[in-house]
Amino acid sequence: MPPRRNPTLRQRRFGAELRKMREAAGLNAHQLSRALGIDPTQVSQMESGKAGVSAERVRSFAAACKCLNQPLVDALAEMTQDRSKGWWEEYRGTIPDGFLENAELEKHSHELLMWVTTHIPGPCQILRYTLEVFGRLIPALPRHEIDARTAFRAQRRNDLRRDKKPITAFIYESALLTRFGGDQVLKEQLEALLEDSELPWMTIRVVPFATETFPGAVENLTYAVGAVPALDTVELESSRGPILFDAASELEAYRIIFDRTARAALNEKKSRDLIHRIARDL
């Protein structure tokens, strides 16, 4: 099979897991290629996500590496079955690739945990609010780019809602007070957030100013839960685009951060009461 020109995020992650498996076994590419009866360049292409891999090949790869993590092997084999293109591909070349990777990461996750300090979580944003968020970026974006990013975020929001993706959003109180678009836009946004908080698959919890200690993360984060813990991914939002983490030590650190955040956050009822009070005062 000819190599792929531009592997997707999911394909790159798949290949990275194969590489981790080989390195954990203490094998180099030449040693593994001999065990599999293939050319060393094929091992390189598989590990970079540039070559398609069958479920049978995944299991042969794991057996050669003496990998005993059967749930991980099964999850990787399952990943080879989905070769469809995502809806986000229609935006390629129109908006930054990082946005496309966000959508791909969300689509294939089993659950999403979010921690935001600066704005309402993307899956909960109304259109007018999103326009204002993108409209205040520095340097300023031309109107057509703002419109494209806003349309893309709306489609991401709708896709998550269609799938009823389980989402837990931890929101720092400051994000409920920042007036993107002014009082009226914020009021409409908070009212929509209250409606979202009643959805059975959406959990909204506020971390109040009165918490005894800050939970431990100052960045906006998304923790995407994979089919198995080894396939979890953390996305850190930055002005230069998303930064992704998937090393075992990094994942463990962010699990601790989210556990700490959960302990600091108000429960769902108290969170709704606080959001309601802020919206009422507007």
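For the pair T261 and L113, the minimum side-chain heavy-atom distance is 4.5 Å or more. The shortest distance between side-chain heavy atoms of R260 and I256 falls below 4.5 Å. Counting heavy atoms from C-beta on, the side chains of P242 and L236 never come closer than 4.5 Å. L266 has its side chain within reach of S271: a pair of non-hydrogen atoms, C-beta onward, lies under 4.5 Å apart. Within the 4.5 Å cutoff, the side chain of S60 has heavy atoms near those of the L36 side chain. Contact check for T118 versus N220: side-chain heavy atoms found under the 4.5 Å cut-off. The closest side-chain heavy-atom distance from N28 to Q31 is below 4.5 Å. Contact of the S238 side chain with the I243 side chain is registered, since non-hydrogen atoms from C-beta on lie closer than 4.5 Å.
Of the possible donor and acceptor atoms, none in the side chain of E145 sits under 3.5 Å from a partner among the backbone N and O of P142. The backbone N or O of L9 lies less than 3.5 Å from a partner atom in the side chain of E104, making a donor-acceptor pair. A side-chain donor-acceptor contact under 3.5 Å links S48 to the backbone of Q45. Looking only at distances, no side-chain donor or acceptor of T233 sits under 3.5 Å from a matching main-chain atom of A224. Looking at K165, its side chain does come within 3.5 Å of a backbone N or O of K107 through a donor-acceptor pair. Side-chain atoms of R128 do not come within 3.5 Å of backbone N or O of I126 as any donor-acceptor pair. Proximity of a side-chain donor or acceptor of R161 to a complementary backbone N or O of P123 within less than 3.5 Å is detected. Judged by distance alone, with hydrogens and angles left aside, the side-chain atoms of E89 form no donor-acceptor pair with the main-chain N or O of G86 at under 3.5 Å. Looking at K187, its side chain does come within 3.5 Å of a backbone N or O of A279 through a donor-acceptor pair. Checked by atom type and distance alone, the side chain of T178 pairs as donor or acceptor with a backbone atom of S174 at under 3.5 Å.
Residues C124 and I204 approach most closely at SG-CD1, 4.1 Å, considering heavy atoms. Looking at every heavy atom in both residues, P7 comes nearest to G49 through CB-O, 3.3 Å. In this structure, W87 and A103 approach most closely via the heavy-atom pair CZ2-CB, 3.9 Å. Across all their heavy atoms, V58 and A77 have their closest contact at CG1-N, 4.0 Å. Heavy atoms only, all atoms of each residue included: T80 and A55 are closest at OG1-N, 3.4 Å. Nearest heavy atom pair, residue L221 against residue F258, reads CB-CZ, 4.1 Å.
Clustering ILVMFWY residues whenever any of their side-chain heavy atoms sit less than 4.5 angstrom apart, transitively, puts V218 in the very cluster that holds I257. There is no path of hydrophobic side-chain contacts, each under 4.5 Å, that joins F61 to L68. No continuous path of ILVMFWY side-chain contacts below 4.5 Å connects L186 to L131, so the two sit in separate hydrophobic clusters. Cluster membership check: V116 shares its hydrophobic cluster with Y223, using side-chain heavy-atom separations under 4.5 Å among Ile, Leu, Val, Met, Phe, Trp and Tyr. Clustering ILVMFWY residues whenever any of their side-chain heavy atoms sit less than 4.5 angstrom apart, transitively, puts Y172 in the very cluster that holds M202.
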Could you walk me through whether R179 and L282 pass side chain to side chain contact (heavy atoms under 4.5 Å, CB included), step by step? CA-CA 10 Å; R179 287 163 166 76; L282 291 169; 3.2 Å; yes
Could you please spell out the steps behind the salt bridge (Lys or Arg N to Asp or Glu O under 4.0 Å) verdict for R12 and E101? CA-CA 11 Å; R12 297 198 308 271; E101 294 186 347; 2.7 Å; yes
Trace of the side chain to side chain donor-acceptor pair (under 3.5 Å) decision for D74 with Q70: CA-CA 6 Å; D74 291 342; Q70 194 58 46; 2.9 Å; yes
Set out, in order, the CA-CA distance, both residues' side-chain angles and the distance that settles side chain to side chain contact (heavy atoms under 4.5 Å, CB included) for L160 and L112, then state yes or no. CA-CA 10 Å; L160 290 170; L112 295 170; 3.9 Å; yes
Please lay out, stage by stage, how V207 and E173 fare under the test side chain to side chain contact (heavy atoms under 4.5 Å, CB included). CA-CA 6 Å; V207 177; E173 187 175 346; over 6 Å; no
Determine, stepwise, if the pair E250 / V234 fulfils side chain to side chain contact (heavy atoms under 4.5 Å, CB included). CA-CA 8 Å; E250 294 169 331; V234 172; over 6 Å; no
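Ring-plane geometry between F180 and Y129 is classed as perpendicular, the angle between the planes exceeding 60 degrees on a 0 to 90 degree scale with a lower cut at 30.
Comment: R156 does not engage D159 in a salt bridge, judged by the lack of any side-chain N to carboxylate O separation of less than 4.0 angstrom. By the 4.0 Å N-to-carboxylate-O rule, E268 lies too far from R205 to be salt-bridged with it. A salt bridge does not link R255 to D259: none of the charged nitrogens lies less than 4.0 Å from a carboxylate oxygen. Using a 4.0 Å cut-off between a side-chain N of Lys or Arg and a carboxylate O of Asp or Glu, E17 and R13 qualify as a salt bridge. Between E90 and K85 there is no salt bridge, since no side-chain N of the basic residue sits under 4.0 Å from a carboxylate O of the acidic one.
Rounded to the nearest 0.5 Å, atoms CZ (R277) and CG (L176) are 11.0 Å apart. Rounding to the nearest 0.5 angstrom, the gap separating the CD1 atom in I167 from the CG atom in L199 is 9.5 Å. To the nearest 0.5 Å, the span separating CD1 on I38 from OG on S33 amounts to 6.5 Å. Note that CZ of R143 and CZ of F134 are 12.5 Å apart. Values are rounded to the nearest 0.5 Å. Here I120 contributes atom CD1 and I171 contributes atom CD1; the two are 5.0 Å apart, rounded to the nearest 0.5 Å. Put simply, CH2 on W88 and OG1 on T94 are 16.0 Å apart, with the number rounded to the nearest 0.5 Å.
Checked against the 6.0 Å centroid criterion, the rings of W115 and Y254 do not qualify as a close aromatic pair.
Atom CD of Q81 sits in a crowded spot, with more than 12 heavy atoms from other residues, nucleotides or ligands closer than 6.0 Å.
Side chains of Y91 and Q155: a donor-acceptor N/O pair is present below 3.5 angstrom, by distance only. If you check the side chains of E237 and H119, you find a donor sitting under 3.5 Å from an acceptor. With no hydrogens or angles considered, no side-chain donor-acceptor pair links R157 and Q125 at under 3.5 Å. One side chain, S84 or D82, offers a donor N or O that lies under 3.5 Å from an acceptor on the other.
Results of the side chain to side chain contact (heavy atoms under 4.5 Å, CB included) test with R153 over T130, L127, I95 single out T130 as the only residue that passes.
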